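Because the structure is predicted, anything quoted here is derived from the model rather than measured.
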Protein chains: 2
Amino acid sequence: MDGQSAKPDREGEDSALRKRLPPAERRQQIVEEAVRFFAEVGLEGKTRELARRLGVTQSLIFNYFATKDDLIEAVYEKVYIGRLSLDWPERLTDRSVPLRQRLIDFYTEYSALIFEREWMRIFMFSGLAGASLNHRYLEHLGEVILRPLLAETKALARTDTPPKMEDVWNLHGGIVYIGIRQHIYRMPEPAKPKEEIARAIDKYLLYFGINSER
Amino acid sequence: MDGQSAKPDREGEDSALRKRLPPAERRQQIVEEAVRFFAEVGLEGKTRELARRLGVTQSLIFNYFATKDDLIEAVYEKVYIGRLSLDWPERLTDRSVPLRQRLIDFYTEYSALIFEREWMRIFMFSGLAGASLNHRYLEHLGEVILRPLLAETKALARTDTPPKMEDVWNLHGGIVYIGIRQHIYRMPEPAKPKEEIARAIDKYLLYFGINSER
DNA sequence: GCTATTAAAGATCATCTGTTCAATAGAATT
DNA sequence: AATTCTATTGAACAGATGATCTTTAATAGC
């Protein structure tokens, strides 16, 4: 029943030798694999399985992270950090560029960042788990991106129904849902995601009577 | 450390006596609580905790379900069945009613059904777990609801850009995202969800130049 | 009221899982 | 080559967890 009971963990697929790495490097390696691993199987993935994938003993993981929660925290940080808060706030409010162009630029870049299986799934797992980072991220997004977007829309709107925050969330949700379908529900990717994003933006702008050149 | 080691499980909150129920009834009771329980903590929730909430021993659960997976399967069925496939397909294609009204009727009813914490979360948990029911549901939705909706839109569209399936998904996603924000990310519910749904629909229709009366 | 039936409890198993720690071995320094 | 340092391993523990099996007792049929 057990062919090799002498080997406890460490089923190194690529085998090779057990390399001795500088701590910083090993730590990074663990976190990177953990991101992939947890994104695939969820945050309840077992440390033994993670160790197996790393080709390392399970106890080594606890040499770098006191508890599993610490590891998950490191995964959150790795995934969340740098995903937002670039120069978008200014660029989104740069009125020398037509709003349509600004929106397309933003969502092209943003979707390139988040329409990625690892991000999408860990975001959803952590959201379901009620992680505070998740809340903070969404609040941050709302304040730093969506609220300014609302202001920009208001400034150009030509209809009697004034734009509301919910309209911006609707635009955002419609676009994000493309990634959810693809990476959470594993449906096929749209043929031309960029084009769908542009159409979503045009629907939004048209509703408020905003011209493409403005 | 343990005040009452003689009682193994069965921390009946409402206490009372160990009632002897007809099997069908007990089974139903277990499934219903399991829906609530798994929706809250995820599909990896422990059977002992579920039993505790039921005020019943853990072993009793396995008297009704051979394995935990069987229980989860029953939860899926309970949650998924009856959530779709009513008379919507016909009503959505009833051209004696303006499309806008049909859309509003549909999404009012549909959102009332799915904007519910249990459904939303179990749908997401099962989607992340790759449950086949999830795929079947979405395919069914696409075929039975969204594709007819596309046909209806095409029939009334007055613009040169023809409506595409992706447009319908965008409409759908934007609306569903309201529920995701509320129940997955636990953000506050919009003040007037119905109104937001109507606005999303109007954006969609306007983009294809479809009049409200048609 | 008595008995056969069967929910439900109680006890326990085998395995899994996070965590700890002493022993080992790879590399750098002397 | 010997020594030192420490990354990594190997082994084990305690508690949890899905599942099984025997025992208890509530209910239905007579």
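- Between B:Glu109 and B:Arg91 there is a salt bridge, since at least one side-chain N of the basic residue sits less than 4.0 Å from a carboxylate O of the acidic one.
- Between B:Glu25 atom CD and C:dT6 atom P there is a gap of 18 Å when expressed in whole angstrom units.
- Regarding contacts with the backbone of C:dA8, a side-chain N or O of B:Tyr64 is found under 4.0 angstrom from either OP1 or OP2.
- If you measure from atom CG of A:Leu60 to atom C1' of D:dA11, you get 15 Å, rounded to the nearest angstrom.
- Side-chain rings of B:Phe123 and A:Tyr185 approach one another, their centers coming within less than 6.0 Å.
- Side chains of B:Glu40 and B:Arg121 form no contact here, defined as non-hydrogen atoms less than 4.5 Å apart.
- Ring centers of A:Tyr137 and A:Trp119: under 6.0 Å apart, within the cut-off.
- Computed from coordinates, the B:Arg52 CZ to C:dG10 P distance equals 16 Å when rounded to whole Å.
- Contact annotation for B:Phe65: no contact, since no heavy-atom pair falls under 4.0 Å across all strands.
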For nucleotides 27-30 of chain D, print each protein N/O atom paired with a nucleotide N/O atom at under 3.5 Å, atom names and distance only.
none

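- Look at B:Arg83 and B:Glu116 and you find a salt bridge, because one of the NZ, NE, NH1 or NH2 atoms lies within 4.0 Å of a carboxylate O, short of that distance.
- Across the protein-nucleic acid pair, B:Arg27 atom CZ and C:dT6 atom P stand 18 Å apart, rounded to whole Å.
- With respect to B:Ser59, the side-chain contact (heavy atoms from CB on, under 4.5 Å) criterion is satisfied by exactly one of B:Ile61, B:Thr57, B:Asn63: B:Thr57.
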Check nucleotides 14-21 of chain D against the protein and report each pair of N or O atoms closer than 3.5 Å, with its distance, or say if there are none.
| residue | atom | partner | partner atom | Å |
| --- | --- | --- | --- | --- |
| D:dG18 | OP1 | B:Lys68 | NZ | 3.3 |
| D:dG18 | OP2 | B:Thr47 | N | 3.1 |
| D:dG18 | OP2 | B:Thr47 | OG1 | 2.8 |
| D:dG18 | N7 | B:Arg48 | NH1 | 2.8 |
| D:dG18 | N7 | B:Gln58 | NE2 | 3.4 |
| D:dG18 | O6 | B:Arg48 | NH2 | 2.9 |
| D:dA19 | OP2 | B:Lys68 | N | 2.7 |
| D:dA19 | N7 | B:Gln58 | NE2 | 3.3 |
| D:dA19 | N6 | B:Gln58 | OE1 | 2.8 |

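- Separation of the B:Tyr207 and A:Tyr204 ring centroids does not fall under the 6.0 Å cut-off.
- Aromatic rings from A:Tyr80 and A:His140 are positioned such that their centres are separated by 6.0 Å or more.
- Separation of the B:His172 and B:Tyr110 ring centroids falls under the 6.0 Å cut-off.
- Within 4.0 Å (heavy atoms only), A:Pro22 reaches no atom of the nucleic acid at all.
- Rounded to an integer number of Å, the gap from B:Leu54 CG to C:dA9 P is 10 Å.
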